[in-house]
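These notes concern the structure reproduced below.
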Amino acid sequence: MLSLDFIRKNPDAVRRAAQLKGEPAPIDDILRLDGVWRGHLHKAETVKAEQNELSKEFARTRDESLKERLRQMADTAKSELAVADAVKKELDDLLLRVPNIFHESVPVGETEADNVVIREWGSKPDLGLAARTHYDLGEALGIMDFERAARVAGSRFAFLVGDGARLERALVQFMLDVHTREHGYVELWTPMLVNSAAMTGTANLPKFADQLFKVEDRDLWLIPTAEVPVTNLHREEILDAERLPLKYVSYAPSWRTEAGAAGKDTRGFIRMHQFSKVELVKVTTAETSLDEFEKLTHDAEDILQRLGLHYQVLAMCTGDMGFAQYKKYDLMAWAPGVDRYLEVSSCSTFNDFQAMRANIRYRPGRGVSPKFAHTINGSGLALPRTLDAIIETYQRADGMVTVPDVLKPYMGGVELIGAR
RNA sequence: GGGGAGGUGGCUGAGUGGCCGAAAGCACCCGCCUGCUAAGCGGGUAGGGGGUGUAAAGCUCCCUCGAGGGUUCGAAUCCCUCCCUUCCCGCCA
């Protein structure tokens, strides 16, 4: 969230940012309630201060004639505070609905058409054949099963079978190994159900409840990404500045309702209610966050390069970057079968927006007040679409799929999927 | 699921109605002292919010001893509910 203080001092900047993001922002209501809140709070505190003074006198003198006034003061302070608290609660609810501002380098635009390709690696491969889709190949090879998954769980679910399941597991292992051994991330295994406070910390709540699966009769939600438990790992903490940046990597299944995505990507292993993802998260300082964000993006790109997949890096424009993000890049891997780029990673930096919600702070130095940390995250990578890009890129004329070299050590001797 | 114990500052831990936002110790910071190190001596060190201040500093007030409510002029301390930790029993992958 943005601090009340920041909104007081920069209402127009916040309004402008919200408008360019295409998000509503109740700034006028916030400023009005802020005045009301402070009025009642001031009154309550003034009376309370008088009451505290007089109460001390009572303790000394035991003068019973003071009691009636003390009682009245207590009543007044209590009722004023109750009003102030109620207004503050309303105010806090509104604050949670104000979108983040964005960095000056973010391109201004309205839709995904306004996103900017900032770099590209490799080029579209010449397969020398009519490229087939991953779902066509996957079903023919018996490594993907959508029909039975639909019977078991419904649409947007899949079974991976045999070498398909193995390939997915190999990818997870490979990514975790690279990030932990070479990029310096600490691996985490996390809760995959989290409470509302955690969801609010990462800004999945209150705005995006309809995109989450909720456990009945409990304050628990299925995580839409490991970002949620990992970012919240240090909630309510004051971290040592010397320990920053903290770098975490976590593999977790991720669940999303995909509300509002009706009709989009209904074919294939692309937009699923449940999918695997290896997530990178950093917690750092204001001074280093932009730099760490760039590095994290490169860490994710490194996976694509090692897999030999052609990709583009998109700088998301204001209208397409989302409510909480301060700056965002999407990694788009080329999938020749479906003949388009698939989003395999989304890397974002949040400024102190999430840290303020989750109350993650650090102490810049001895005797210095704590400051809110900056949080960063990115997929490194999301599995299904990476798997798709691999299958479609490494397909052969005979319908079999070559295992990329870097995955071979993880495939138990399988170098060609489909060879029996 | 049943029963016991417990949640206090960066950490350990005292405090059972006002003298307590909180003893003592540890850790850390500043200074003194010792030829170095260790020891010793003195001082300092929780968070949030309101007001004032251009801002920082400062000054001032309010709140916070797991969370929320209650009793009281006054609550870390008494009462209720919830959450969490831990131990014993039961069940169990």
Side-chain angles (χ1 to χ4, degrees), chain A residues 1-13 30-96 189-201 205 215 217-221 229 232-244 246 253 283 286-287 352 354-373:
Chain A
M1 62 197 282
L2 299 175
S3 74
L4 188 51
D5 190 50
F6 182 83
I7 294 173
R8 274 179 203 142
K9 287 171 181 159
N10 309 279
D12 292 331
I30 286 172
L31 294 176
R32 181 177 56 78
L33 287 176
D34 181 39
V36 175
W37 168 60
R38 285 197 281 181
H40 286 285
L41 184 65
H42 189 71
K43 172 81 176 168
E45 289 189 349
T46 305
V47 174
K48 188 72 190 174
E50 290 168 11
Q51 186 200 342
N52 286 345
E53 267 313 302
L54 198 60
S55 192
K56 279 177 197 156
E57 189 183 329
F58 177 82
R60 270 198 315 274
T61 64
R62 298 286 156 177
D63 179 353
E64 289 293 320
S65 70
L66 296 176
K67 273 212 169 181
E68 185 49 36
R69 264 177 74 203
L70 280 165
R71 231 175 253 129
Q72 280 173 12
M73 286 175 161
D75 284 350
T76 306
K78 198 177 222 176
S79 62
E80 283 296 323
L81 194 62
V83 176
D85 284 349
V87 174
K88 185 59 161 53
K89 189 172 181 309
E90 206 179 326
L91 189 53
D92 287 339
D93 287 346
L94 290 180
L95 283 172
L96 290 175
W189 181 84
T190 76
M192 294 172 199
L193 298 173
V194 302
N195 59 30
S196 297
M199 283 294 185
T200 305
L205 288 180
V215 176
D217 300 328
R218 302 227 183 185
D219 181 30
L220 286 174
W221 306 74
N232 279 284
L233 177 68
H234 294 294
R235 63 175 299 119
E236 321 285 339
E237 289 185 33
I238 299 174
L239 304 162
D240 291 337
E242 309 87 70
R243 287 179 59 205
L244 303 179
L246 297 172
V283 179
E287 291 71 30
D352 58 6
Q354 290 183 325
M356 212 174 277
R357 289 168 163 249
N359 197 18
I360 305 164
R361 294 173 292 174
Y362 68 97
R363 202 177 291 280
R366 280 273 149 202
V368 184
S369 297
K371 290 179 65 177
F372 286 107

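Below, read A as the first sequence line, B as the second, and so on, with proteins coming before strands; counting in each chain starts at 1.
- Per the geometry, CE belonging to A:M73 stands 10 Å off C1' belonging to B:C73, to the nearest Å.
- Per the geometry, CG belonging to A:L220 stands 10 Å off P belonging to B:C84, to the nearest Å.
- Nucleic acid contact for A:R8: sugar-phosphate only, since backbone atoms but no base atoms lie under 4.0 Å from a heavy atom of the residue.
- Atom P of B:U72 sits at a distance of 16 Å from the matching atom of B:C79, rounded to the whole Å.
- Among the candidates A:K48, A:H42, A:K43, the single residue satisfying the side chain to side chain contact (heavy atoms under 4.5 Å, CB included) test with A:T46 is A:H42.
- Distance CG (A:D34) to C1' (B:G50): 11 Å, rounded to an integer number of Å.
- In this structure, CH2 of A:W37 is placed 11 Å from C1' of B:C63, rounded to the nearest angstrom.
- With both pairing distances under 3.5 Å, B:G42 is matched to B:C30 as a Watson-Crick or G-U wobble pair.
- For the P atoms, the distance linking B:C28 with B:U86 amounts to 29 Å, nearest Å.
- When rounded to the nearest whole Å, the span between CD of A:E236 and P of B:G48 equals 13 Å.
- B:C36 is unpaired under the criterion used here, namely a Watson-Crick or G-U wobble arrangement in which both key atom distances are under 3.5 Å.
- As rounded to the nearest Å, B:G68 and B:A75 have P atoms that lie 15 Å from one another.
- Not one side-chain nitrogen or oxygen of A:R38 sits closer than 4.0 Å to the OP1 or OP2 atom of B:G50.
- Comparing B:U54 with B:C65, their C1' atoms sit 38 Å apart, to the nearest whole Å.
- Of the candidates B:C63, B:G18, B:G49, B:G18 carries the atom nearest the A:F58 side chain, counting heavy atoms from C-beta on.
- The P atoms of B:G66 and B:A14 are separated by 14 Å, rounded to the nearest whole Å.
- Atoms CD (A:E57) and C1' (B:C19) sit 17 Å apart, rounded to a whole Å.
- How far CG of A:D63 is from CZ of A:F58: 8.0 Å, rounded to the nearest 0.5 Å.
- For A:A74, the listed nucleotide lying nearest its side chain is B:G74; candidates were B:G50, B:G74, B:C63.
- Residue A:R363 places at least one side-chain N or O closer than 4.0 Å to OP1 or OP2 of B:G47.
- Nucleotide B:U72 has no partner under the Watson-Crick or G-U criteria, as no pair reaches both atom distances under 3.5 Å.
- As the counterpart of B:C91, no nucleotide is assigned, since no Watson-Crick or G-U wobble pattern has both distances under 3.5 Å.
- The side chain of A:E45 lies closest to B:G49, out of B:G49, B:G47, B:G51.
- Taking the nucleotide of RNA chain B with the nearest heavy atom to each of A:H42 and A:E50, the more 5' of the two is matched to A:H42.
- What separates CG of A:L41 from P of B:G49 is a distance of 12 Å, to the nearest Å.
- The interatomic distance linking A:D219 (CG) with B:C84 (P) rounds to 11 Å, in whole Å.
- As rounded to the nearest Å, B:A76 and B:G7 have P atoms that lie 15 Å from one another.
- Nucleic acid contact class of A:N52 (heavy atoms, under 4.0 Å, all strands): sugar-phosphate only.
- Without hydrogens or angle criteria, A:N10 side chain to A:F6 main chain gives a donor-acceptor distance under 3.5 Å.
- The partner of B:A14, taking Watson-Crick or G-U wobble pairs whose two distances both stay under 3.5 Å, does not exist in any strand shown.
- The closest side-chain heavy-atom distance from A:T61 to A:L66 is below 4.5 Å.
- Taking atom P on both nucleotides, B:G4 is separated from B:U81 by 13 Å, rounded to a whole Å.
- Residue contacts shown for A:R62 include a base, since a base heavy atom lies under 4.0 Å away.
- For B:U71, the OP1/OP2 oxygens have a side-chain nitrogen or oxygen of A:K78 closer than 4.0 Å.
- Nearest nucleotide to the side chain of A:K48, out of B:G18, B:G50, B:C63: B:C63.
- Formation of a donor-acceptor pair under 3.5 Å by the A:R357 side chain with backbone atoms of A:T200 is found in this model.
- Taking for each of A:L4 and A:I238 the nucleotide of RNA chain B with the nearest heavy atom, the 5'-most of the two is the partner of A:I238.
- Separation of atoms CG (A:L205) and OG (A:S196) is listed at 5.5 Å; rounding is to 0.5 Å.
- For A:K67, taking side-chain heavy atoms from C-beta onward, the closest of the listed nucleotides B:G51, B:C73, B:G49 is B:C73.
- Across all strands shown, B:G53 remains unpaired; no Watson-Crick or G-U wobble contact has both distances below 3.5 Å.
- Contact annotation: the side chain of A:V194 never approaches that of A:L220 to less than 4.5 Å [non-hydrogen atoms, C-beta and beyond].
- As rounded to the nearest Å, B:A27 and B:A38 have P atoms that lie 12 Å from one another.
- Interface remark: the A:S55 side chain does form a donor-acceptor pair with the B:G18 base, using a distance-only criterion of under 3.5 Å.
- Heavy atoms of A:Q51 sit under 4.0 angstrom from primed sugar atoms or phosphate atoms, though from no base atom.
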message: Test salt bridge (charged side-chain N to carboxylate O under 4.0 Å, His left out) on A:R8 and A:D34; report intermediate values, then the result.
response: CA-CA 9 Å; A:R8 274 179 203 142; A:D34 181 39; 2.7 Å; yes

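- For B:C83, the OP1/OP2 oxygens have no side-chain nitrogen or oxygen of A:N195 closer than 4.0 Å.
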